[in-house]
Colleague: 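Let me begin by handing over the structure; questions about it come next.
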Amino acid sequence: AADLQRRSLGTPTGPELLQQRPLGQQPGGAGLAPKTRPQRVRRTFKREALSVKASELGAVAASETTVADAVSLIAGTAIGGGFLALPTITTPLGFAPTVTGLLVVWMFLLVSSLAYAEATIHTLAARGAEANAATSGEDAWYSSGGEEDVEAGVSVVSITQRSLGSSGSMLCSLAFVAQMVAVVTAQVVKSGEILETLTGVPYLAGCLGSSALVGLFSFCAGTRLVEQANTSLAVAMVGGFAVLLAVTVVSAGPAADVLAKLTFADWGAMLPTLETSSTWVMPVLINLLCFSQAVPVVVERLGVNRAQDIRSALILGSAVPLMMCIAWAAVSAALLPSAGAVGDPVLQMLRSSFGIAGPVALLCVGSIGTTLVSSYLTLGQFATDAICSAAGRCSLDDKTMSSVASVALPALLACAGPQLYVPLLAFAGAFPTMLLYGLMPPLAALALRRSGLQDRRRGPNAVTTVRPVALGVPILRLVVGISIGFLGVNSFLAVAGALQR
């Protein structure tokens with residue numbers, strides 16, 4: 001988790017690759033700015049690093065990365081501020097339906113992430129083949145001063161650009177912005193609620209004040225200080241959750257009462273509903289368990305020739321947040337006064353005795369803080385690139401304006417009220433998250449398999465084949481169908497809800 005936070009603060013990956021270059025110079029930036037040749041990152045390598053096969057691309061720099069490192073990276077990606085929403089949406093369901101929903105979502109995201117890993121391997125190997133083909137010989141390399149242009153890492157945007165074209169890439173760019181704004185606004189909403197509960201500060205003041213303080217710290221403090229604070233917040237989150245588990249075991253009450261709470265079940269609440277007062281639980285679970293943002297980083301660090309290690313890392317890493325969510329659902333069910341209780345269980349626990357309220361407060365501060373810090377920096381850099389691309393220049397004023405907008409927009413949206421928290425997370429899971437990490441990965445993997453991209457661009461030193469990481473074509477097609485159906489159901493619910501109002 002600490003490694004993930006350092007990566008988020010230092011070198012964003014996944015769709016965050018969009019931040020590293022002006023939008024008009026992205027592999028996936030078509031439609032957002034005039035189309036230009038992708039800008040490359042200047043890096044110096046030894047001659048041997050340029051002559052390796054495409055199958056070894058990534059293994060040169062990532063040979064020391066272990067499966068355990070990759071597992072921690074994946075687990076840290078999924079655990080964030082959305083973790084606090086789980087008791088709110090699962091308490092009316094009951095423990096058994098919650099576990100069932102989590103397992104279904106986990107299996108779906110796992111298969112999609114395997115497809116994402118395969119598409120990433122295809123893309124990295126193709127880039128390696130292109131780099132080898134562009135290397136005309138040692139004399140040419142020395143004449144260039146010992147440097148070579150090497151493209152930056154891949155993301156869902158650059159993968160869809162290569163496999164599905166500019167339209168898919170532009171759609172992913174828009175989905176990424178929508179996802180980030182929705183998630184950040186949801187965290188600001190929850191911070192306002194928690195501050196009002198703990199200190200009595202009015203909700204609006206809590207939203208605006210917490211946004212201003214965290215935003216100023218994120219953009220104005222030194223990089224090292226921000227990294228240390230972010231790591232401390234992650235430790236607080238994990239420590240608070242561990243203490244809460246211990247407290248639950250000690251003070252949960254008579255076994256018969258706990259068993260009654262855990263056996264409560266309302267399976268009908270898992271189905272989509274047109275009731276405006278209810279939110280379908282499945283989109284929230286998808287947003288909560290999603291870890292696919294880390295897939296390109298894992299593939300690059302482990303190396304494209306370590307398909308089995310990549311598969312193991314994805315399975316084990318995604319199982320960590322799954323187990324934590326199951327434990328969190330059990331804790332909230334055991335600590336609440338009655339099964340199926342209404343209201344926000346997190347706020348109820350914050351109002352209870354210090355033995356429960358203390359660990360929950362640490363969990364809240366850590367999960368919201370880590371999410372806001374990294375998300376503000378991501379949004380700020382994205383906005384800076386967008387403004388600079390549109391203006392054709394960059395200045396300190398542009399960067400300042402981007403930072404202010406990244407903090408101000410979610411804060412102003414959060415002022416609409418605390419009722420936005422769960423709907424915002426549901427929106428993120430229903431549309432942008434499903435589009436980015438449910439639908440696009442299997443589509444890209446299928447397209448790259450059909451196209452034979454590696455064979456057509458293979459040079460004398462190129463890799464002869466790309467070993468599939470995902471399952472067979474029928475499974476990938478099934479994931480595509482489920483994703484389209486899920487998007488269709490949520491679109492229908494959104495339109496029907498709007499008409500009812």
Side-chain angles (χ1 to χ4, degrees), residues 14-15 28 78 97 100-123 155-157 159-165 167-176 178-179 267-268 270-274 279-293 295-296 311 314-315 318 322 425-453 466 468-497:
T100 301
L102 288 169
L103 288 172
V104 170
V105 169
W106 174 72
M107 287 188 289
F108 170 81
L109 291 174
L110 177 60
V111 174
S112 182
S113 70
L114 291 172
Y116 193 7
E118 181 176 322
T120 302
I121 291 175
H122 272 282
T123 303
S155 71
V156 70
V157 176
I159 289 173
T160 51
Q161 169 72 15
R162 182 177 289 270
S163 60
L164 304 176
S167 298
S169 181
M170 181 180 65
L171 186 60
C172 285
S173 301
L174 296 175
F176 169 66
Q179 181 194 44
W267 294 94
M270 293 187 66
L271 300 176
T273 177
L274 291 175
T279 300
W280 191 21
V281 65
M282 299 306 286
V284 182
L285 295 182
I286 286 175
N287 189 69
L288 179 63
L289 285 179
C290 184
F291 59 92
S292 298
Q293 301 93 321
V295 170
R311 192 180 297 111
L314 293 177
I315 295 172
S318 62
L322 172 67
L425 295 177
F427 165 79
F431 297 106
T433 300
M434 175 56 69
L435 180 66
L436 288 169
Y437 306 117
L439 178 60
M440 288 302 179
L443 281 178
L446 288 170
L448 290 171
R449 284 186 184 185
R450 288 195 303 267
S451 67
L453 183 62
V466 173
V469 177
L471 302 176
V473 171
I475 299 297
L476 294 180
R477 289 175 176 171
L478 177 62
V479 173
V480 170
I482 293 174
S483 301
I484 294 174
F486 189 84
L487 289 167
V489 170
N490 281 285
S491 298
F492 172 78
L493 293 177
V495 172

Colleague: Nearest 0.5 Å please: distance from the CZ atom of Arg477 over to the CG atom of Leu443.
Modeller: 11.5 Å
Colleague: What heavy-atom pair brings Met440 and Cys172 nearest, and what distance separates the two atoms?
Modeller: CG-SG, 3.7 Å
Colleague: Decide yes or no for Leu425 and Leu288: does some side-chain heavy atom of the first lie under 4.5 Å from some side-chain heavy atom of the second?
Modeller: no
Colleague: For Thr433 and Ala428, indicate whether the former's side chain and the latter's backbone hold a donor-acceptor pair under 3.5 Å.
Modeller: yes
Colleague: Can you give me the closest heavy-atom contact between Gln161 and Ser169, atom names plus distance?
Modeller: OE1-CB, 3.5 Å
Colleague: Can you run down the side-chain hydrogen bond (donor to acceptor under 3.5 Å, both in side chains) pairs that involve residues 104-115, sequence neighbours left out, and say none if there aren't any?
Modeller: Trp106-Ser318
Colleague: Does any part of the side chain of Trp280, heavy atoms only, come nearer than 4.5 Å to the side chain of Leu274, both counted from C-beta?
Modeller: no
Colleague: Hey, what do you get for CG (Leu114) to CD1 (Ile315), rounding to the nearest 0.5 Å?
Modeller: 6.5 Å
Colleague: Grab the two heavy atoms, one from Ala444 and one from Ala119, that are nearest each other, plus how far apart they are.
Modeller: CB-CB, 4.1 Å
Colleague: Can you give me the closest heavy-atom contact between Ala78 and Phe291, atom names plus distance?
Modeller: CB-CB, 4.1 Å
Colleague: What closest approach, in Å, do Leu102 and Leu289 show between heavy atoms, and which atom pair accounts for it?
Modeller: O-CD1, 3.6 Å
Colleague: Do His122 and Arg162 come within less than 4.5 Å of each other through their side chains, counting heavy atoms only?
Modeller: no
Colleague: Tell me every residue that passes side-chain contact (heavy atoms from CB on, under 4.5 Å) with Ser491, counting only those two or more places apart in sequence or in another chain.
Modeller: Phe431
Colleague: What pairs of donor and acceptor atoms, side-chain ones from residues 483-490 against any protein atom, are under 3.5 angstrom apart with sequence neighbours left out?
Modeller:
| from | atom 1 | to | atom 2 | distance (Å) |
| --- | --- | --- | --- | --- |
| Ser483 | OG | Gly438 | O | 3.1 |
| Ser483 | OG | Val479 | O | 2.8 |
| Asn490 | ND2 | Phe486 | O | 2.8 |

Colleague: Please report the closest heavy-atom contact between Val284 and Thr279, naming both atoms and the distance.
Modeller: CG2-CG2, 4.4 Å
Colleague: Output all residues satisfying side-chain contact (heavy atoms from CB on, under 4.5 Å) with Ala175, sequence neighbours left out; order by chain, then residue number.
Modeller: Pro432, Leu435, Leu436
Colleague: Taking only residues two or more places apart in sequence, or in another chain, which ones meet Val281 in a side-chain contact (heavy atoms from CB on, under 4.5 Å)?
Modeller: Ile89, Leu93, Leu285
Colleague: Return the set of residues passing side-chain contact (heavy atoms from CB on, under 4.5 Å) with Ile482 (not counting sequence neighbours), or none when no residue passes.
Modeller: Phe108, Leu478
Colleague: At what distance, to the nearest 0.5 angstrom, does OG of Ser163 lie from CZ of Arg449?
Modeller: 13.0 Å
Colleague: State, with a plain yes or no, whether a side-chain heavy atom of Phe427 is found less than 4.5 Å away from one of Gln179.
Modeller: no
Colleague: Check the pair Leu322 / Leu103 against side chain to side chain contact (heavy atoms under 4.5 Å, CB included), numbers first and verdict last.
Modeller: CA-CA 8 Å; Leu322 172 67; Leu103 288 172; 3.9 Å; yes
Colleague: Rounded to the nearest 0.5 Å, what's the gap from CD on Glu118 to CG on Leu448? Could you check?
Modeller: 8.0 Å
Colleague: CE/Met170 to OG1/Thr160 distance, rounded to the nearest 0.5 angstrom?
Modeller: 11.0 Å
Colleague: Would you indicate whether the side-chain heavy atoms of Pro296 and Tyr116 approach each other to under 4.5 Å?
Modeller: yes
Colleague: Under 4.5 Å between any side-chain heavy atoms of Met434 and Asn287, yes or no?
Modeller: no
